[in-house]
There are 2 protein chains.
Amino acid sequence: MRSTPVRKALLKILSKDQAPLSAFDILAKLHAQKLLANKTTVYRQLDSLEKQGLIHTVRLSDRSVRYELAGKDDHHHHLVCVKCNDVKDVDFENHLSRQEKNIEKSKKFKILRHSMEFFGLCFNCQ
Amino acid sequence: MRSTPVRKALLKILSKDQAPLSAFDILAKLHAQKLLANKTTVYRQLDSLEKQGLIHTVRLSDRSVRYELAGKDDHHHHLVCVKCNDVKDVDFENHLSRQEKNIEKSKKFKILRHSMEFFGLCFNCQ
DNA sequence: TTTATTAATGCAACAAAGTTGCAAATCATA
DNA sequence: TATGATTTGCAACTTTGTTGCATTAATAAA
């Protein structure tokens, strides 16, 4: 792992933003600060950062893929505004693990991970 | 709405299969029964059937999009096998609506719909 | 400081999953 | 069966990534 300008800028961008960003968002932000990186480079850096465990890839069921800094409260879910596309974190582990055990038994399905998203309108868009 | 060969075959395929099928799956099944429909046609029929409320589009967070017949127990979630890609339905509304109300209040976010998937290993793949 | 090594980058081409415009074929109903 | 609106197929295009390959740049060693 080398510390290159793109890598540094990318981590800085992700650490400033609380909402997970798409590759396109990130590319735009890089260009906005006059760092004209190629999209291939951005994708490769995101891959590499993910493998290092520094970021997490968030795949939403609206088919958007976003990236967020790893670290804090690592497992959480998302509130996605269908109007402005803003994404916020939300904690929701409460009953899930217990219910997952029920599912595993009744469906004979070994759960490795889950994904849960709430789509709706954020405060500003209501 | 006209009753064309593609439309009829498509509905028949979806009614036979309990797991939601991808557009590619459907196209393959059509070709298997010597109905050489174009992918554009399949996508347009799926669109039209969705608008008529006859089928539902299932967008999973692994970025796959699948289609299933509408009707029965319309709101449910999915168990997705990460090995064989089989998808099964699972009911899980229990605590969700109550918790959604909490989220709406505390996050000032109006929830319109949610999506939940469990990824893991089905019985055959364990 | 210079050099060597290896990773990072840019470019162009490719890929998967759809979407769109348009002309041709087909369904249905009068 | 003639008419007119729907469907269909084809080709081209779009989006979001991915890959190969030659070039450039970061870092560690000399």
Side-chain angles (χ1 to χ4, degrees), chain A residues 1-14 19-68 80 82 85 87 115 117, chain B residues 1-14 19-68 80 82 85 87 115 117:
Chain A
M1 282 302 89
R2 287 177 184 173
S3 172
T4 65
V6 174
R7 190 183 190 79
K8 278 187 278 186
L10 216 153
L11 279 171
K12 199 170 179 184
I13 286 169
L14 286 177
L21 299 173
S22 69
F24 184 87
D25 291 339
I26 292 167
L27 202 52
K29 278 175 192 278
L30 286 174
H31 282 221
Q33 59 186 63
K34 305 270 182 266
L35 214 174
L36 305 175
N38 190 274
K39 66 171 178 168
T40 309
T41 303
V42 170
Y43 280 114
R44 287 201 271 230
Q45 278 297 343
L46 289 169
D47 253 29
S48 145
L49 289 169
E50 162 94 67
K51 276 189 190 115
Q52 301 290 305
L54 294 175
I55 65 172
H56 288 310
T57 303
V58 180
R59 298 172 181 278
L60 301 181
S61 70
D62 62 359
R63 294 175 78 58
S64 69
V65 177
R66 289 146 188 271
Y67 303 88
E68 63 183 1
V80 184
V82 296
N85 287 313
V87 179
S115 142
E117 304 133 39
Chain B
M1 281 302 90
R2 286 181 186 168
S3 173
T4 64
V6 174
R7 189 183 190 81
K8 278 186 279 186
L10 217 152
L11 279 170
K12 197 169 179 184
I13 286 169
L14 285 177
L21 298 173
S22 70
F24 185 87
D25 290 339
I26 292 168
L27 202 53
K29 279 173 191 277
L30 286 173
H31 283 222
Q33 59 187 63
K34 305 273 182 264
L35 215 174
L36 304 175
N38 188 273
K39 66 172 178 169
T40 309
T41 303
V42 170
Y43 280 116
R44 286 200 272 229
Q45 277 297 344
L46 289 169
D47 253 28
S48 145
L49 289 169
E50 162 93 66
K51 276 187 190 117
Q52 302 291 304
L54 295 175
I55 65 171
H56 288 311
T57 305
V58 180
R59 297 174 180 276
L60 301 181
S61 70
D62 63 359
R63 294 173 77 57
S64 70
V65 177
R66 290 146 187 271
Y67 304 87
E68 63 184 0
V80 185
V82 298
N85 287 313
V87 179
S115 141
E117 305 132 38

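Residue numbers start from 1 in every chain, and the chains themselves are labelled A, B, ... in the order their sequence lines are given, proteins ahead of strands. As the structure is a prediction and not an experimental result, all values here were calculated from the model.
- Here C/dT9 presents its P atom at 11 Å from CG of A/Leu30, a figure rounded to the nearest Å.
- Within the 4.5 Å cutoff, side-chain heavy atoms of A/Gln45 are placed close to those of A/Thr4.
- Taking the side chain as every heavy atom from C-beta outward, A/Ile55 and A/Leu10 never approach each other to under 4.5 Å.
- On the nucleic acid side, DNA chain D contacts chain A at distances under 4.0 Å to non-hydrogen atoms, with the end points of that region at D/dT16 to D/dT27.
- A/Glu117 places none of its side-chain heavy atoms less than 4.5 Å from the side chain of A/Asp62.
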- prompt: Can you check side-chain contact (heavy atoms from CB on, under 4.5 Å) on A/Leu14 and A/Leu54, steps first, answer last?
  reply: CA-CA 10 Å; A/Leu14 286 177; A/Leu54 294 175; over 6 Å; no
task: Quick one: do A/Ile26 and A/Leu46 satisfy side-chain contact (heavy atoms from CB on, under 4.5 Å)? Show the steps, please.
output: CA-CA 10 Å; A/Ile26 292 167; A/Leu46 289 169; 3.9 Å; yes
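- Residue A/Arg2 places a side-chain atom within donor-acceptor reach of the base of C/dA7, judged by atom type and a 3.5 Å distance cut-off alone.
- Note: CG (B/Leu27) to P (C/dA16) measures 14 Å, nearest angstrom.
- A/Thr57 and A/Arg59 share no side-chain donor-acceptor pair at under 3.5 Å.
- For the pair B/Arg63 and B/Pro5, nearest-nucleotide mapping onto DNA chain C gives the more 5' position to B/Arg63.
- Within 4.0 Å of B/Ser22, counting heavy atoms only, lies no atom of the nucleic acid at all.
- Side-chain nitrogen and oxygen atoms of A/Thr4 include at least one within less than 4.0 Å of the OP1 or OP2 phosphate oxygen of C/dT9.
- For the residue pair B/Ser22/B/Asp25, the side-chain donor-acceptor check at 3.5 Å is satisfied.
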- request: Give the C-alpha distance, both sets of side-chain angles, the deciding distance and a yes or no for side-chain contact (heavy atoms from CB on, under 4.5 Å) between B/Arg66 and B/Asn85.
  value: CA-CA 11 Å; B/Arg66 290 146 187 271; B/Asn85 287 313; 4.0 Å; yes
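- In this structure, B/Lys8 places its NZ atom 12 Å from C1' of C/dA28, rounding to the nearest Å.
- If you check residues 34-55 of chain A against DNA chain C, the residues with a heavy atom closer than 4.0 Å are A/Leu36, A/Ala37, A/Asn38, A/Thr40, A/Thr41, A/Arg44, A/Gln45, listed by number.
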